[in-house]
Student: 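Shown below is the structure under consideration.
Nothing here was measured: the structure is a model prediction, and the numbers come from that model. Each chain gets a letter, A, B and so on, in the order its sequence line appears, and its residues count up from 1.
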Amino acid sequence: MKGELKIYNTLTRQKEVFTPLHKDYVGMYVCGPTVYGHPHLGHARAAVTFDIVFRYLKHLGFKVRFVRNITDVGHLEDEVAGEGEDKIAKKARLEKLEPMEIVKLYTESFHDAYRALNNLPPSIEPTASGHIIEQIEWVQQILDNGYAYEADGSVYFDVLKYNESHPYGKLSGRILEDLLETTRELSGQDAKRNKVDFAIWKSVSEEHLMQWNSPWGKGVPGWHLECSVMSTKYLGEQFDIHGGGMDLLFPHHECEIAQSVACCGKESVRYWMHNNMITINGQKMGKSLGNFITLIDLFAGTNDLLEQAYSPMTIRFFMLQAHYRSTLDFANDSLKAAEKGYKRLTNAFNLLEKLAHSGNETAADAVEDAKILETCAACYTHINDDFNTALVLADLFELSNKINSFFNKQLPLNAISAATFAKMKTTFQAFFTDVLGLKDEAQDGNSDVTDGLMELILEIRADARTNKDWSTSDKIRDQLKALNIQIKDGKEGTTWTVN
RNA sequence: GGUCGGAUGGCCGAGGGGCUAGGCAGAGGUCUGCAAAACCUCCUACACCGGUUCGAAUCCGGUUCCGACCUCCA
């Protein structure tokens with residue numbers, strides 16, 4: 001029933017049937033953020049994309065270890081000779097804070113945003129600074145294996161040497177000769193033998209706030225190294241899925257492959273997955289372009305580009321409406337449309353809970369019954385097709401129509417069999433809640449007291465309506481509306497929702 | 001310049017040789033004390049020019065435009 005999952009593998013440029021290395025277990029690593037600023041919409045996209053992967057694999061019954069790192073060191077701002085400055089250290093100097101203070105502040109900001117978006121926390125969240133020793137060991141091993149050289153206290157990966165026996169560029173589709181011709185010439189070139197070489201250990205000057213002792217002198221690990229080191233440490237020399245943003249494809253992931261091969265003698269990743277970018281006015285939203293909107297601003301509506309605040313679930317829904325490998329353009333109108341769509345779906349989700357099937361074993365309407373079963377199956381077909389959440393949402397909307405019709409008695413519940421009803425209920429709920437990670441955020445602040453009060457108020461209003469006391473009933477409705485509570489009179493009594 | 005990707009109805013977005021998602025907006029209708037919600041119906045599009053094919057938005061070639069990566073980036 002659940003079928004087989006196909007994943008688009010960047011390495012082979014095609015969808016492949018997913019089979020884990022070890023039966024029933026899945027190892028998955030995703031490149032996390034560098035914590036030197038608040039998370040923005042782009043970070044949310046990556047987080048939601050791989051949260052879906054994590055959730056669905058779990059839904060399929062796999063035992064998943066999901067590792068997502070926090071980069072808190074070693075991320076050189078630029079490679080101008082001798083002046084490479086660590087991002088964290090730079091920000092610390094600017095704000096006159098300790099590096100660890102910066103790391104703490106933004107790590108928590110990321111956690112807050114991830115939680116608000118209803119992303120499940122990863123199984124392990126390792127930091128680069130916590131794995132300096134392991135990284136030094138890797139540098140040494142790569143040196144010992146002859147794929148790196150030391151120069152001026154730094155250690156560089158020898159790409160040309162590596163390429164003699166292994167194709168460098170296979171993941172991003174690059175040819176080394178082209179790279180040698182086109183790679184930008186950096187001013188005051190450093191000790192690298194070739195411009196395509198990259199640092200796996202970088203010496204830094206005395207003044208640097210963050211540095212560690214190593215066999216090659218004081219310095220910091222090269223950025224690409226941490227992911228290779230931490231992924232294999234927690235998932236083994238070979239593991240199933242490695243994810244990240246498309247912008248990390250080259251050079252970051254390419255370097256990771258080279259490092260793994262150079263150190264361990266084999267590639268560690270089986271399925272490479274990359275999510276596409278969020279764009280704004282057709283251009284990539286990014287830190288360096290400065291055209292990003294932080295999630296804090298989005299949730300609060302505090303940014304000139306925003307016409308209103310957008311809730312975490314609205315943003316999640318917005319992203320799920322597009323396929324993760326397509327670019328997704330930010331626009332107020334799109335967010336507003338997503339907000340309405342999300343509310344409609346959530347409403348159906350809540351109504352489904354209230355439906356009670358009479359128990360008839362045969363469907364009164366065989367066509368309707370078959371249609372619903374078909375849609376339930378389609379949810380799996382679609383998520384299995386490289387996580388096509390857009391189509392899954394379309395399926396859920398289809399089911400929503402039925403749920404609403406049942407609830408409003410526009411379609412009798414006995415039209416479908418008890419078994420079909422049960423299937424519809426479990427499928428809808430499983431996809432809405434467990435797989436897509438959606439929830440009714442309007443319920444977040446509600447308590448039993450609120451529910452009790454609303455019950456009482458609606459009872460009073462029902463009495464007024466029975467007595468045709470329209471002024472009282474309308475007064476209740478209007479006043480509640482002012483409190484953002486929407487009253488909906490139906491055949492089976494009145495329901496309410498918080499807007 | 002090199003490599004790769006994209007152009008879909010009023011808007012957002014799936015899909016990807018014949019069955020022509022979905023959401024939002026709009027029009028009409030049903031229901032309703034009124035309203036809201038809901039349901040039903042309608043609005044049927046794939047940048048341009050050639051080609052392949054019984055048939056192309058979908059495949060191939062070309063053109064135009066846009067973007068990504070090649071430097072840190074989710």
Student: Check whether A/Y114 forms a cation-pi arrangement with A/R68 (NZ or CZ under 6.0 Å from the six-membered ring centre, at most 45° off the ring normal).
Tutor: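 Cation-pi check for A/R68 and A/Y114: passes.
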Student: Please determine, for the side chain of A/Q283, which listed nucleotide (B/rG23, B/rC4, B/rA68) has the closest atom?
Tutor: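 The closest nucleotide is B/rA68.
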Student: Could you tell me which nucleotide pairs with B/rC54 by Watson-Crick or G-U wobble geometry, both distances under 3.5 Å, or answer none if nothing does?
Tutor: B/rG18
Student: Checking all strands, does A/N276 fall into the base, sugar-phosphate, or nothing category for heavy-atom contacts under 4.0 angstrom?
Tutor: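 The residue A/N276 makes base contact.
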Student: Select base, sugar-phosphate, or nothing to describe what A/M285 touches, counting heavy atoms under 4.0 Å on all strands.
Tutor: base
Student: From the options B/rG23, B/rC12, B/rA74, select the nucleotide whose nearest atom is closest to the side chain of A/F318.
Tutor: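 Within the option list, the nearest is B/rC12.
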Student: Taking any heavy-atom pair under 4.0 Å as a contact, classify A/Q486: base, sugar-phosphate, or nothing.
Tutor: sugar-phosphate
Student: Could you tell me whether A/N401 contacts a base, only the sugar-phosphate backbone, or nothing, with contacts defined as non-hydrogen atoms closer than 4.0 Å?
Tutor: sugar-phosphate
Student: Classify A/N404 by what it touches in the nucleic acid, base, sugar-phosphate, or nothing, heavy-atom distance under 4.0 Å.
Tutor: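 A/N404: backbone/sugar contact only, no base atoms under 4.0 Å.
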Student: Measuring from the side chain of A/D474 (C-beta onward, heavy atoms only), which nucleotide among B/rA74, B/rC34, B/rA14 has the closest atom?
Tutor: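 Out of B/rA74, B/rC34, B/rA14, the nucleotide with an atom closest to A/D474's side chain is B/rC34.
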Student: State, yes or no, whether a side-chain contact exists between A/L117 and A/D51 at a heavy-atom distance under 4.5 Å.
Tutor: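 In short, these two side chains do not touch, never coming nearer than 4.5 Å.
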Student: Select base, sugar-phosphate, or nothing to describe what A/L391 touches, counting heavy atoms under 4.0 Å on all strands.
Tutor: base
Student: Taking B/rG22 as the reference, what is the distance to B/rC42 when you measure between their P atoms (whole Å, please)?
Tutor: 12 Å
Student: Separation of A/M319 atom CE from B/rG23 atom P, in whole Å?
Tutor: 21 Å
Student: Under a 3.5 Å limit for both distances, which nucleotide forms a Watson-Crick or G-U wobble pair with B/rC39, could you say?
Tutor: B/rG29
Student: When you get a sec, tell me which of B/rA35, B/rG16, B/rG2 is the closest nucleotide to the side chain of A/R174?
Tutor: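 Nearest to the side-chain atoms of A/R174, counting from C-beta on, is B/rG2.
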Student: Determine the contact category for A/I487: base if any of its heavy atoms lies under 4.0 Å from a base atom, sugar-phosphate if only primed atoms, P, OP1 or OP2 are that close, otherwise nothing.
Tutor: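 Base: the residue A/I487, judged by heavy atoms under 4.0 Å, touches a nucleobase.
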Student: Using the C1' atom on both, measure B/rA57 against B/rG28 and round to a whole Å.
Tutor: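 Each nucleotide's C1' atom is 30 Å from the other's.
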Student: Rounding to an integer number of Å, can you tell me how far A/Y29 OH sits from B/rA74 P?
Tutor: 13 Å
Student: For A/S405, report the nucleic acid contact type (base, sugar-phosphate, nothing); a contact means any heavy atom under 4.0 Å.
Tutor: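 It contacts sugar-phosphate atoms only.
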Student: Does A/F428 have A/K402 sitting over its ring (NZ/CZ under 6.0 Å from centre, angle to axis within 45°)?
Tutor: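 Relative to the ring axis of A/F428, which defines the angle, A/K402 lies outside at least one limit.
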Student: Considering only the C1' atoms, how many Å lie between B/rC24 and B/rG33, rounded to the nearest integer?
Tutor: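 My reading of the C1' atoms in B/rC24 and B/rG33 gives 31 Å.
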Student: Where the side chain of A/Q211 meets the backbone of A/V204, is there a donor-acceptor pair that is under 3.5 Å apart?
Tutor: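 Not a single qualifying donor-acceptor pair exists.
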Student: For A/L171 and B/rG5, give me the distance from atom CG to atom P, rounded to whole Å.
Tutor: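 Atom-to-atom, A/L171 to B/rG5, this comes out as 14 Å.
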Student: What does the list of N/O pairs under 3.5 Å between the protein and nucleotides 24-27 of chain B look like, with a distance for each?
Tutor:
from: B/rC24; atom 1: OP1; to: A/R344; atom 2: NE; distance (Å): 3.3
from: B/rA25; atom 1: OP1; to: A/K340; atom 2: NZ; distance (Å): 2.7

Student: Would you kindly compare A/H224 and A/S172 by the position of their nearest RNA chain B nucleotide and give the one closer to the 5′ end?
Tutor: A/S172
Student: Regarding A/S471 and A/D469, is there a side-chain donor-to-acceptor distance under 3.5 Å anywhere?
Tutor: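 Judged by distance alone, the side chains do pair up.
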Student: With the side chain of A/N388 defined as its heavy atoms from C-beta on, choose the nearest nucleotide among B/rA14, B/rA74, B/rG2.
Tutor: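 Output: B/rA14.
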Student: Output the single nucleotide from B/rC12, B/rA37, B/rA74 whose closest atom is nearest the side chain of A/S334.
Tutor: B/rC12
Student: Please determine if a side-chain N or O atom of A/N347 lies less than 4.0 Å away from the OP1 or OP2 oxygen of B/rA38.
Tutor: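 No.
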Student: A/S326 side chain N/O closer than 4.0 Å to the phosphate oxygens (OP1, OP2) of B/rA14?
Tutor: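 Affirmative; the distance criterion is met.
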Student: If we call it a pair only when both distances are under 3.5 Å in a Watson-Crick or G-U wobble match, what pairs with B/rG1?
Tutor: B/rC70
Student: Any salt bridge linking A/R461 with A/D489? Criterion: basic side-chain nitrogen under 4.0 Å from a carboxylate oxygen.
Tutor: yes
Student: Pairing check on B/rG10: which nucleotide meets the Watson-Crick or G-U wobble criteria with it, both distances under 3.5 Å?
Tutor: B/rC24
Student: For A/D72 and A/Y106, test the side chains for any donor-to-acceptor distance below 3.5 angstrom and give the result as yes or no.
Tutor: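 No, A/Y106 and A/D72 have no side-chain donor paired with an acceptor closer than 3.5 Å.
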Student: Taking the side chain of A/H43 as its heavy atoms from C-beta onward, which of B/rA38, B/rA74, B/rC70 lies nearest to it?
Tutor: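 That would be B/rA74.
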Student: Evaluate the side-chain contact (heavy atoms from CB on, under 4.5 Å) criterion for residues A/F157 and A/H224: first the C-alpha distance (whole Å), next the side-chain angles of each, then the deciding distance (0.1 Å), finally the verdict.
Tutor: CA-CA 11 Å; A/F157 192 95; A/H224 308 305; over 6 Å; no
Student: Within a radius of less than 6.0 Å around CD of A/E374, do more than 12 heavy atoms belonging to other residues, nucleotides or ligands occur?
Tutor: no
Student: Which part of the nucleic acid, if any, lies within contact of A/L411, taking any heavy atom under 4.0 Å across all strands shown: a base, the sugar-phosphate backbone alone, or nothing?
Tutor: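 Nothing, no heavy atom under 4.0 Å.
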Student: Which residue, A/D385 or A/F250, contacts RNA chain B at a nucleotide closer to its 5' end, judged by nearest heavy atom?
Tutor: A/D385
Student: Less than 4.0 Å between a side-chain N and a carboxylate O, is that true for A/D112 and A/R115?
Tutor: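 So A/R115 pairs with A/D112 through a salt bridge.
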Student: Using whole Å, what does the distance between atom P of nucleotide B/rA74 and atom CG of A/N69 come to?
Tutor: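 In whole Å, B/rA74 P lies 10 Å from A/N69 CG.
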Student: Using a cut-off of 4.0 Å on non-hydrogen atoms, how would the nucleic acid contact of A/H274 be classed: base, sugar-phosphate, or nothing?
Tutor: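 Since no nucleic acid heavy atom lies under 4.0 Å of A/H274, the category is nothing.
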Student: A/E307 has an atom CD; how far is it from atom P of B/rC11, in whole Å?
Tutor: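 Roughly 17 Å, once rounded to whole Å.
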Student: With both distances kept under 3.5 Å, what pairs with B/rU44, Watson-Crick or G-U wobble?
Tutor: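 Per the H-bond distance test, none.
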Student: Between B/rG67 and B/rC60, how far apart are the C1' atoms? Round to whole Å, please.
Tutor: 24 Å
Student: Hey, mind stepping through A/F50 and A/M273 against side-chain contact (heavy atoms from CB on, under 4.5 Å) and telling me if it holds?
Tutor: CA-CA 9 Å; A/F50 293 104; A/M273 292 182 69; 3.8 Å; yes
Student: What is the separation between atom CD on A/E177 and atom P on B/rU3, rounded to the nearest whole Å?
Tutor: 13 Å
Student: Output the single nucleotide from B/rC34, B/rC39, B/rG15 whose closest atom is nearest the side chain of A/R465.
Tutor: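 Out of B/rC34, B/rC39, B/rG15, the nucleotide with an atom closest to A/R465's side chain is B/rC34.
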Student: For B/rG10 and B/rA45, measure between their P atoms and round to the nearest Å.
Tutor: 10 Å
